[in-house]
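Just below is one structure, and these are the notes that go with it.
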Amino acid sequence: MITVHLIAAARPNFMKVAPLYHVLAESDWCSPIVVHTGQHYDANMSDRFFEELGLPTPDIHLGIGSGSHAEQTAGVITAYEAIILREKPDWVVVVGDVNSTMAVTLAAKKLHIPVAHLEAGLRSGDRTMPEEINRLVTDALADVLWTPSADADQNLIDEGVPEEKITNVGNIMIDSYELLRDQIENEKAPEKFGLAAQPYGVVTMHRPSNVDDRETLTLLTDHLCEVSRDIPLLFSLHPRTRKNLQEFNLLNLLTEAKGMNTTEPLSYIRFMGLVRSAKFLITDSGGVQEETSYLGIPCVTLRDTTERPVTISLGTNRLAKPDQIVECISEISAGTWPKGQCPPLWDGRTANRVADDLLKRSSDA
Ligand code: UD1
Ligand code: UDP
């Protein structure tokens, strides 16, 4: 029996950890232990996801919370180092690209514990994104790189990573959708927001490049309000975004705009229940670019780059600047947006491929 720490830290991690947890928990060769770093801690950013995704109360909770990049990263390194010394796991699995992903990898590798990175190899090429630094450091140190798409394999090979470390396993986010598909479809989420009778769009935003700068957030607010005058929008407000809308005196403008519905962060089932029936998404989220491509829903991504290019080349995603939002929505309404297709191995079976690869690598070791 091998012991594996599965590291969960922030909202986008939970739907990547859950499918793997379930497959490993059912196996007779692995004992998965969920470690929560506490990077996200509000009930609607963490606990609700554990409940809906069937994750156990974390076996270990580091309680790190918010802080500057250095504070958060250093806090996780220090706290997790003590856990490794005590628990000595056989493997550590990190997911995604948040500060905790990189911090745990550093702590584990310094103590010679093998690390596997799920969602490895994604690159935006933009080192002003904190996540890009986290991806580069994590992938440089990890022993096993589980990638979601062929472009990610190529990025790693271009960086000199030996091919035997890389396995293309597909997209683990899709496993969570498939695990909860029935509940998502039965949620009747549009009805709960009075949106069932007409086409509507869903908005999420939280990238510092969009929401930390007053001028950019003002411009985005103006363009979103312009769209909502024609098509109702449901805007799920991330805590970082809400805080800045308040600070820049934009929150009232947004909440009082015609057709604009704002809400606290939504649970996974309710959020995906809204996404699956939406006419379009406007977002800067990494995960949402993938979920919309899987579901064939047009996605306007408010960024200059994406680390998920397959969502553009095969999927339904397009990058846009704030002043292109209205034009994009007109195209979607006119029905001329690309229909897209599902990328290879985004099939709900990624967790099984990850488990098979982990077993093989553990047996070979
Ligand atoms: C983090 C990740 C980002 C990911 C996002 C997903 C990093 C560098 N960033 O960004 O990659 O896309 O999560 O949502 O790791 N806050 C709360 N309650 C919470 C969590 C945060 O109020 O439960 C507020 C705090 O004011 C905090 C701020 O949100 O300072 C930002 O949180 P933080 O985890 O530092 O970064 P995110 O913007 O959430
Ligand atoms: N999500 C959710 N409720 C919301 C907004 C997002 O359940 O109100 C889910 C959704 O599945 C999305 C995931 O959280 O793909 C990722 O979240 P986020 O955008 O915070 O992180 P990123 O993917 O940008 O790192």
Side-chain angles (χ1 to χ4, degrees), residues 12 15-16 19 95-97 118-125 135 145-158 166-182 184-185 189-190 199-204 231 268 271-320 324-325 327-354 357:
M15 57 290 282
K16 297 170 193 170
V95 302
D97 55 16
L118 179 50
E119 199 187 82
L122 298 181
R123 298 288 181 269
S124 68
R135 295 179 198 118
L145 299 145
W146 287 318
T147 62
S149 46
D151 57 281
D153 294 24
Q154 194 56 52
N155 291 334
L156 294 169
I157 289 164
D158 292 348
I166 307 168
T167 306
N168 182 352
V169 291
N171 192 325
I172 191 83
M173 299 277 286
I174 307 309
D175 288 34
S176 272
Y177 188 85
E178 289 304 329
L179 272 176
L180 294 179
R181 177 184 278 275
D182 289 348
I184 292 167
E185 290 180 357
Y200 64 88
V202 175
V203 184
T204 78
I231 306 181
Y268 179 73
F271 182 72
M272 293 314 301
L274 281 162
V275 170
R276 69 181 276 271
S277 302
K279 181 90 180 158
F280 57 83
L281 266 283
I282 302 175
T283 194
D284 59 16
S285 160
V288 170
Q289 295 173 62
E290 299 179 334
E291 290 157 340
T292 46
S293 279
Y294 181 63
L295 296 169
I297 294 174
C299 183
V300 178
T301 296
L302 301 168
R303 290 175 43 182
D304 295 332
T305 57
T306 179
E307 62 289 337
R308 294 161 160 92
V310 74
T311 60
I312 297 176
S313 58
L314 288 181
T316 51
N317 187 25
R318 190 185 297 173
L319 303 182
Q324 294 172 317
I325 297 177
E327 189 187 312
C328 286
I329 303 310
S330 302
E331 249 187 81
I332 291 165
S333 299
T336 53
W337 200 264
K339 298 276 176 275
Q341 52 178 292
C342 185
L345 299 183
W346 293 26
D347 58 359
R349 307 267 316 151
T350 290
N352 299 76
R353 286 187 285 270
V354 168
D357 195 62

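This structure is a prediction, so every number in the text was calculated from the model and none was measured.
Just one of Thr283, Thr316, Thr306 meets the side chain to side chain donor-acceptor pair (under 3.5 Å) condition when paired with Gln289; it is Thr306.
A salt bridge links Arg318 and Glu331; the closest N-O separation between the charged side-chain nitrogens and carboxylate oxygens is under 4.0 Å.
Using a 3.5 Å distance cut-off with no hydrogens or angles, the side chains of Glu290 and Tyr177 do not pair a donor with an acceptor.
Here Arg276 contributes atom CZ and Arg181 contributes atom CZ; the two are 8.0 Å apart, rounded to the nearest 0.5 Å. If you take CG on Leu314 and CZ on Arg308, they are separated by 15.0 Å, rounding to the nearest 0.5 Å. Distance check: Ile166 CD1 to Leu145 CG gives 6.0 Å after rounding to the nearest 0.5 Å. One finds the OG atom of Ser277 at 7.0 Å from the CD1 atom of Ile297 (value rounded to the nearest 0.5 Å).
When the salt bridge (charged side-chain N to carboxylate O under 4.0 Å, His left out) test is applied to Glu307, the partners found at least two apart in sequence or on another chain are Arg135, Arg303.
Nearest heavy atom pair, residue Tyr200 against residue Pro190, reads OH-CG, 3.4 Å. Across Glu291 and Phe271, no two heavy atoms sit closer than the pair OE1-CE2, 4.4 Å.
Two residues are said to be in side-chain contact when any heavy atoms from C-beta on lie closer than 4.5 Å; Ile172 and Pro148 fail this criterion. Residues Ile329 and Ile231 have side chains in contact (heavy-atom distance under 4.5 Å, counting atoms from C-beta outward). For the pair Thr147/Thr167, no side-chain contact is recorded, criterion being any heavy-atom separation below 4.5 Å from C-beta on. Val300 is listed as a side-chain neighbour of Trp337, based on a closest heavy-atom distance under 4.5 Å.
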**OP:** Would you check, one step at a time, whether the test side chain to side chain donor-acceptor pair (under 3.5 Å) holds for Thr301 with Asn317?
**Re:** CA-CA 7 Å; Thr301 296; Asn317 187 25; 2.5 Å; yes
Original post:
Can Asp304 and Leu319 be said to form a side-chain contact (heavy atoms from CB on, under 4.5 Å), step by step?
Top reply: CA-CA 6 Å; Asp304 295 332; Leu319 303 182; 6.0 Å; no
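For the pair Asp175 (side chain) and Thr350 (backbone), a donor-acceptor distance under 3.5 Å is present. Listed for the Asn155 side chain is a donor-acceptor partner under 3.5 Å among the backbone atoms of Gly121.
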